[in-house]
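Single-structure report; data block below.
In the text below, chain A, chain B and the rest are named by the order of the sequence lines, each starting its count at 1.
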Amino acid sequence: MCRTVDLQQAVLARNDGSARELRAALTARGTVAVNLLSSPGSGKTALLELELGLARERAVPVAALTADLATENDATRLGRSGVPVKQVLTDGLCHLEAVMLAGHLDGWLPEPTRLLFVENVGNLVCPASYDLGESLRVVLASVTEGEDKPLKYPTAFGLANLVLVTKSDLAAAVDFDEAGFRANVARVNPGVEVLLTSARTGEGVGALLDRALAVLEGAPVHQPVMGRPSAGHTHSHGQVDTHSHGPVDTHGHAPVDTHGHAPVDTHSHGLVDRH
Amino acid sequence: MHEMSIAVAVVEQVEQAAREHGAVAVEAVRLQVGELAGVVPDALDFCFSLACADTVLAGAELTVEAVPARARCAACATEWAVGMPPDLCCPRCPGVAGELLTGRELQILDVRWAEEPALARADQEG
């Protein structure tokens, strides 16, 4: 005879628990993590190069971790800014998870780092489901991608704290419908701010850094409707995952630290560079 | 495709529960998946069967209960089905959703244990 048990567990409880721990650990050391999400080729790295350079000019201690399935090209590009940069190769995995990020930060994240930019794998589907412990989730879309992108990827845009339009210098050339784009963003994420940026002209580069620094100073962040807990939301009934200290990436995709730092004990989530 | 990560997370949580309940085999797992959870049920089903191999869940059946997304207007309290892609602007007034009532669920509802592993069950049935 079969027995049935009610589990009522949130499937992503382990990731969410790790993300909460990481956010608390980062906050405790005075660091704000900015999670950058977009489709491939939207211009995340180009914009990030300018953000890192500007942060350096303003003497803001920043660091960047960039994730790709293959190549260290982005770390090479970002490293020219002179700030600490780490490349994560996901070994085929299409997104970052909180435990992976914590493992890569442990023993590497320099003290002090006030802003940590995390360039997620270029993909608007999977990364949207994983809280990385960031305090600011930024979703980017380039003008060449079409104004309906927010409707095609509603989870990614619906959970953003801030939306950036990139390559704004090309807007006229591709007949980018800015009003239509803004309306589509508002439909899935009412009230979220949309900023125009261009890595070519520098438009909006300071604005992103300003928003991130404001979060560091404790400014309130836009809370998307899709991300707000609701009374009827079954996630809130999920039992607390007591196994969130698991040190391993349990998916068999051990992320490769291409800089030769073996992922260190993530139990402690001690993020300060001890080397 | 993050459905594999999700399937593995389901399997791990059910394995943990099996250890706690002293269960030797799993017959079925019931999941609740919201319309806006960002999960493709068919892909999840495929990944689940792979993730179950060589575990106490081998041969287990996955049932997905889809949950439509509904929101409530912050201004006039109208409730509506937001659809896909979702429209979080109130259909009745100029207000917007203050709350998403349902639609983001990604939850294991329950698990039905079996008395013996799937292989033994198949042998008996055959």
Please test Leu100(B) against Val225(A) for side-chain contact (heavy atoms from CB on, under 4.5 Å), starting from the C-alpha separation and ending with a verdict.
CA-CA 6 Å; Leu100(B) 192 69; Val225(A) 174; 4.3 Å; yes
Which atoms of Ala156(A) come close to chain B, meaning under 4.5 Å heavy atom to heavy atom: side chain ones, backbone ones, both, or neither?
neither
Counting C-beta onward and ignoring hydrogens, is there a side-chain heavy-atom pair between Asp110(B) and Val5(A) closer than 4.5 Å?
no
Do His95(A) and Ser5(B) come close enough that some side-chain heavy atom pair is under 4.5 Å?
yes
Does the pair Asp6(A) and Leu109(B) meet the rule for a side-chain contact (heavy atoms from CB on, under 4.5 Å), with working shown?
CA-CA 6 Å; Asp6(A) 288 336; Leu109(B) 286 176; over 6 Å; no
What one should report as the nearest heavy-atom pair of Pro86(B) and Val188(A) is O-CG1, 3.6 Å
I want to check something: taking the side chain as every heavy atom from C-beta on, are Gln107(B) and Gln8(A) in contact at a cut-off of under 4.5 Å?
yes
For Ala186(A) versus Cys89(B), what's the shortest heavy-atom pair and its separation?
O-SG, 4.0 Å
Quick one, Pro154(A) and Met84(B) - any side-chain contact, counting heavy atoms below 4.5 Å?
yes
Under a 4.5 Å heavy-atom cut-off, does chain B meet the side chain of Leu124(A), its backbone, both or neither?
neither
Using non-hydrogen atoms and a 4.5 Å limit, figure out which bit of Ala37(B) sits close to chain A: side chain, backbone, both or neither.
backbone
Any chance you could lay out the side-chain contact (heavy atoms from CB on, under 4.5 Å) test for Leu12(A) and Ile6(B), step after step, and finish with the verdict?
CA-CA 7 Å; Leu12(A) 295 177; Ile6(B) 288 168; 4.2 Å; yes
Test your reading of the model: is there a side-chain donor-acceptor pair from Arg14(A) to the backbone of Gln13(B), 3.5 Å cut-off?
no
For the residue pair Pro85(B) and Arg187(A), establish whether any side-chain heavy-atom pair is separated by less than 4.5 Å.
yes
Value for CE (Met4(B)) from SG (Cys94(A)), rounded to nearest 0.5 Å, stands at 11.0 Å
What's the shortest heavy-atom distance between Leu7(A) and Ala17(B), and which atoms?
CD2-CB, 3.7 Å
For side-chain contact (heavy atoms from CB on, under 4.5 Å), just list the numbers for Val111(B) and Thr4(A), CA-CA rounded to whole Å, side-chain angles, deciding distance to a tenth of an Å, and then say yes or no.
CA-CA 5 Å; Val111(B) 177; Thr4(A) 301; over 6 Å; no
Rounded to the nearest 0.5 Å, how far does CG of Asn189(A) lie from CG of Leu88(B)?
8.0 Å
Nearest 0.5 Å, what's the CD-CE distance between Glu99(B) and Met226(A)?
14.5 Å
